[in-house]
Amino acid sequence: KMKPKKKKTASPSESNGNDNRSPQEYLSDLSRTFAAPPSLYSNYQVQQIYSEAKIADQNGQLDKAITLLQLLKTATPHDMRVPRRLSRLYIAKGQTKVARSILEDALKQSPQNPYLLHGLATLQIKYYSNYEVAKQLYQKAISADPYMPNAHHALG
């Protein structure tokens with residue numbers, strides 16, 4: 001088990017997959033990162049925990065992977081890979097309401113994240129048959145990242 005590192009370290013930058021941010025959005029994200037409290041873990045420890053969560057997921061140890069990702073969600077609140085993967089694990093466990101809640105909460109923090117938008121859209125179609133909402137989410141994902149093939153493919 002990893003022990004929290006006591007000295008202040010920089011938290012990992014937000015991984016939202018969106019390279020099309022305006023200068024204002026970039027500065028806003030940068031300001032939010034600097035204003036965020038320091039992580040309890042070094043960048044190396046964060047990467048190790050994330051890798052351990054991925055391995056647990058691949059080995060079918062969903063509860064272990066979820067526990068590790070919940071830890072990372074607290075330690076790295078701006079890393080949007082974490083809620084995306086966490087939501088997928090809850091879907092695999094049949095807990096679609098929890099998965100939807102995780103994605104919706106993450107989108108409040110990162111509303112233009114194409115991967116979160118795509119994940120929520122896919123969830124809306126597969127589990128709630130909410131095609132109109134899904135279509136709007138896919139279109140929003142494409143607006144955020146015009147080169148995202150998954151959202152284009154989903155729209156047909």
Side-chain angles (χ1 to χ4, degrees), residues 10-36 39 43 46-156:
S11 61
S13 63
E14 180 177 29
S15 176
N16 66 7
N18 184 358
D19 296 329
N20 301 321
R21 293 179 289 176
S22 72
Q24 293 82 7
E25 290 170 321
Y26 175 79
L27 289 174
S28 174
D29 289 347
L30 190 59
S31 294
R32 188 174 63 233
T33 299
F34 286 137
S39 176
N43 288 340
V46 166
Q47 185 57 43
Q48 291 298 108
I49 296 168
Y50 191 78
S51 294
E52 194 175 331
K54 283 174 61 174
I55 291 168
D57 177 13
Q58 292 164 354
N59 291 332
Q61 298 171 311
L62 301 184
D63 291 331
K64 179 179 180 180
I66 286 170
T67 299
L68 291 167
L69 289 171
Q70 289 288 11
L71 175 67
L72 284 178
K73 188 176 171 192
T74 302
T76 60
H78 297 293
D79 185 348
M80 293 297 114
R81 296 174 304 167
V82 175
R84 179 70 173 102
R85 183 173 285 268
L86 197 52
S87 70
R88 192 183 55 71
L89 292 174
Y90 277 109
I91 289 169
K93 289 185 62 136
Q95 297 179 18
T96 57
K97 288 181 182 179
V98 174
R100 184 176 67 192
S101 177
I102 289 168
L103 290 170
E104 289 171 346
D105 287 347
L107 280 165
K108 289 175 188 171
Q109 183 178 344
S110 186
Q112 296 301 314
N113 184 301
Y115 299 98
L116 296 175
L117 291 163
H118 180 270
L120 185 56
T122 302
L123 184 73
Q124 290 291 348
I125 286 177
K126 282 188 175 181
Y127 299 98
Y128 298 100
S129 300
N130 201 339
Y131 297 100
E132 192 54 42
V133 169
K135 181 180 176 183
Q136 292 170 2
L137 290 166
Y138 284 133
Q139 289 171 338
K140 195 171 177 181
I142 290 169
S143 292
D145 183 356
Y147 301 104
M148 183 182 195
N150 299 1
H152 283 284
H153 179 71
L155 285 176

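Note that these values count all heavy atoms, side chains included, but never hydrogens, waters or copies made by symmetry.
- Nearest heavy atoms, Lys140 versus Pro111: CE-O, 3.7 Å.
- In this structure, OG on Ser143 lies 7.5 Å from CD on Gln112, to the nearest 0.5 angstrom.
- The closest donor-acceptor contact from the side chain of Ser51 to the backbone of Gln47 lies under 3.5 Å.
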Is there a side chain to side chain donor-acceptor pair (under 3.5 Å) between Tyr138 and Thr122 once you walk through the steps?
-> CA-CA 9 Å; Tyr138 284 133; Thr122 302; 2.9 Å; yes
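- Between the side chain of Gln124 and the main chain of Leu137, no donor-acceptor pair closer than 3.5 Å is present.
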After noting the C-alpha distance and the side-chain angles of Leu116 and Arg84, does the key distance pass the side-chain contact (heavy atoms from CB on, under 4.5 Å) rule?
-> CA-CA 6 Å; Leu116 296 175; Arg84 179 70 173 102; 4.1 Å; yes
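- Two residues are said to be in side-chain contact when any heavy atoms from C-beta on lie closer than 4.5 Å; Arg100 and Tyr128 meet this criterion.
- For the residue pair Pro146 and His152, the shortest heavy atom distance occurs at O-NE2, 2.8 Å.
- In summary, the side chains of Arg85 and Tyr50 do present a donor paired with an acceptor at a separation below 3.5 Å, with no hydrogens or angles considered.
- Once rounded to the nearest 0.5 Å, the distance linking CG of Leu68 with NZ of Lys54 reads 13.5 Å.
- The CD atom of Gln61 sits 11.0 Å away from the OG1 atom of Thr67 when rounded to the nearest 0.5 Å.
- Here Ile66 contributes atom CD1 and Arg88 contributes atom CZ; the two are 10.0 Å apart, rounded to the nearest 0.5 Å.
- When all heavy atoms of Ala141 and Ala151 are compared, the pair lying nearest together is CB-CB, 4.1 Å.
- Here the side chains of Leu69 and Asp57 are not in contact, with every heavy-atom distance at 4.5 Å or above.
- For the pair His118 (side chain) and Asn113 (backbone), a donor-acceptor distance under 3.5 Å is absent.
- Gly119 approaches Leu103 most closely through the heavy-atom pair C-CD1, 3.7 Å.
- To the nearest 0.5 Å, the span separating CD1 on Ile102 from CG on Leu107 amounts to 12.0 Å.
- Within the 3.5 Å criterion, the main-chain N or O of Leu72 finds a donor-acceptor partner in the side chain of Thr76.
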Step-by-step side-chain contact (heavy atoms from CB on, under 4.5 Å) determination, Lys135 to Gln139 | CA-CA 6 Å; Lys135 181 180 176 183; Gln139 289 171 338; 3.5 Å; yes
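- Taking NZ of Lys97 as the reference point, atom OH of Tyr90 lies at 15.5 Å (rounded to 0.5 Å).
- Comment: Asp105 engages Lys108 in a salt bridge, judged by a side-chain N to carboxylate O separation of less than 4.0 angstrom.
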Report the C-alpha separation of Lys93 and Asp63 in whole Å, then their side-chain angles, then the decisive distance to 0.1 Å, and conclude whether the side-chain contact (heavy atoms from CB on, under 4.5 Å) test is met.
-> CA-CA 9 Å; Lys93 289 185 62 136; Asp63 291 331; 2.3 Å; yes
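- Checked by atom type and distance alone, the side chain of Asp79 pairs as donor or acceptor with a backbone atom of Arg81 at under 3.5 Å.
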After noting the C-alpha distance and the side-chain angles of Leu123 and Leu120, does the key distance pass the side-chain contact (heavy atoms from CB on, under 4.5 Å) rule?
-> CA-CA 5 Å; Leu123 184 73; Leu120 185 56; 4.2 Å; yes
